[in-house]
Amino acid sequence: MKSIKWPKHSFMILAIIATWIKTVIVYHTSFEMKIENAMQQFILFINPLSFLLFTYGLSLFFKSAKARNRYLITVSVILSIVLYGNVAFYRFYNDFITLPVLFQTSNFSDLGTSVAAIVEPWDVLYFVDVVILILANKFLPRMKDAFKVNIEFRRAFFVLAIAMTFLNLGLAETERPQLLTRSFDRELLVKNIGTYNYHLYDIYIQSKSSAQRALADGSELVEVNNYIRSNQAAVNPEMFGKYKGRNLIVVSMESLQNFVINNDMNGHEITPFLNSLTKDKDTYYFSNFYHQTGLGKTSDSEFIVENSLFGLGRGAVFFTHGGNTYNSMAERLGENGYFTNVMHPNNKSFWNRDMMYQSLKINKFYDIDSYTVEEGQAVNWGMKDVPFLEQSAALMKDMPQPFYSRLITLTNHYPFTLDPEDIMIPEYDSNSGTLNRYFQTVRYMDEALKDFFQQLKDQGVYDNSIIVMYGDHYGISENHNKAMAQYLGKDQITPMDNAMLQEVPLFIHIPGAGDGKEMTEISGQMDLRPTILHLLGVETSKDMQMGADLFSPEHEDFVVFRDGRFITDKYVYAGEACYDKATGEEIDVEPCQPYADRATMELENSDAIINGDLLRFYDEKTGNLKQDSVK
Ligand code: GP9
Ligand code: MN
């Protein structure tokens, strides 16, 4: 041993390599992460490095060798604890730790009883890098040498660390655009930026929200409450409670926009089943209904439907405020004897659903583990809609009634790909492959929904249910304006057209209703909660919600988008300009101004509720502030 000439920084380099390699091995042995291609494999391999270079690199600032080595060993201990904590948590919850769960003691009461089952003797191997460092420090010569760190070396080292970070983020961004702004999924984050960076990011997001929360008190609610109460629409007595006691089935139709309804593509009908519903006597079809989502996409639409509040202007509220107090539709229905659940064949941590659903008081989440995905039954983002909806209908048969099931479809998701056997109509012929394929996946989803209705009948749950189906958000973004203009036969897509394209279909299908028709009120996802609850005979007059019952004579033709755009029966406000809806001309902003002010007010009130976690101060039974909620 003595003859080896160890270079100066051996101990630090050893620490970096040992923890790095250990982390990569742990990724592969202790977590089940789906790796789809060589690039993802490569990102996974390099992703611990940027963080390790920085943290271990700080040792270059130490003067004494003893302190330096002690620092390096301490860091390795802390990182091993963090990693092992994640492994243990993952064994139990199949998920990565996020800060709020550390403070949710209820999570750990389960964990506590099963620690013995979770911990295994071989787990000491998770600390192997610590052991290597301690032994090296003790037995290898020169590890304890003190030396002056050359400033150029230090600078070069941190340049390398920064370069590594950018390389990692750059590759992650190509694999998963908008990963950090949208922060969809803990697994995706760990896969792309690494477990250590993920924790830093999580701490940043969570502490930002908890600071705002700490500063808020119940008095803020008074103003919000006044606004909400003065804008409330009275119920329609003919519809209120008309379908009391029925099961509620809500289907979120992935990326479905309204322009495909009752339309064709080069002579091919795109949505024959949904088109038939628009003329069906048991269906109310809303043809001027808009999505109101932001970056949280599907999860924002879920949030809106459950709470009648907006998602946030930045990030996904499911992630940033998953621990807030809410008064969801599921909670309301739960109080009225419903078994409440969500069915979605995806990883449960996607959009932080597993955490958020606890806050929304949803009784059960049927995630991917509740489904059997046979050979050939997955495409694009996961399980195909046809088998998903079939298996869901079968699960409903055995649910306690009445139930509220919210189903989230997946096949009609960007990049809109299908297996050849599921293709029913040809591609469109524009310059956008995305739009061209979109028609095909929409056609597939339409077929899946038709099949679903039949399954519900076969399972005997159809007659006693009401089925609400809505498009969750746009599927075709502004990047495809040229292709959209071609399809719609327009010269170009104006900002007004673009706002109008945010229209998504809404169907309220009530077996036996008999008086279904097309409904043309200008409305949005925010209106779903009161509409549905009122049909089922559940009062909402004391709820902190911003929607209005679509059957109410007082429902106003006014829908606000998350980004401040809005649409009324006469005007469209988009790109900071006011448009006359009838002519499409840009007009003076004056007639739009009062609505614009109200739109701002509504968004601000909704944000105040979420950022301050204000519903924790509110007693929805009495409609009063809880005592002691004002500082
Ligand atoms: C993921 C699915 C799609 O589970 O809901 O999410 P999106 O990308 O549409 O927000
Ligand atoms: Mn979606």
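Atoms within a ligand are numbered from 1 in the order they appear, just like the ligands themselves. Given the structure is predicted, the values throughout are model-derived calculations rather than measurements.
- Y338 meets the ring pair (Phe, Tyr, Trp, His ring centres under 6.0 Å) test with no other residue; sequence neighbours excluded.
- Interface atoms of ligand 1 facing L410, defined by a heavy-atom separation under 4.0 Å, are 2 (C).
- Side-chain contact check for H509 and Y285: no donor-acceptor pair (N or O, by modelled atom type) lies under 3.5 Å.
- Side chain to side chain, Y404 and N363 fail the donor-acceptor criterion of an N or O pair below 3.5 Å.
- Ordered by chain and number, E254 OE1, E254 OE2, T298 OG1, D472 OD2, H473 NE2 make up the set of protein N, O or S atoms under 2.8 Å of the Mn ion (ligand 2).
- Interface of H473 with ligand 1, defined as ligand atoms under 4.0 Å from a residue heavy atom, comprises 9 (O).
- For ligand 1, the atoms sitting less than 4.0 Å from at least one non-hydrogen atom of H344 are 1 (C), 2 (C), 4 (O), 5 (O), numbered in the order shown with element in parentheses.
- Under a 4.0 Å heavy-atom criterion, W351 is in contact with ligand 1.
- Looking at N346 against ligand 1, only its side chain comes within 4.0 Å, counting heavy atoms.
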Test side-chain hydrogen bond (donor to acceptor under 3.5 Å, both in side chains) applied to N288 and T520, step by step: CA-CA 5 Å; N288 284 314; T520 53; 4.9 Å; no
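- Side chains of R529 and Q545: a donor on one and an acceptor on the other come within 3.5 Å.
- You'll find the ring centres of H199 and F96 outside the 6.0 Å limit.
- A salt bridge does not link K348 with D369: none of the charged nitrogens is closer than 4.0 Å to a carboxylate oxygen.
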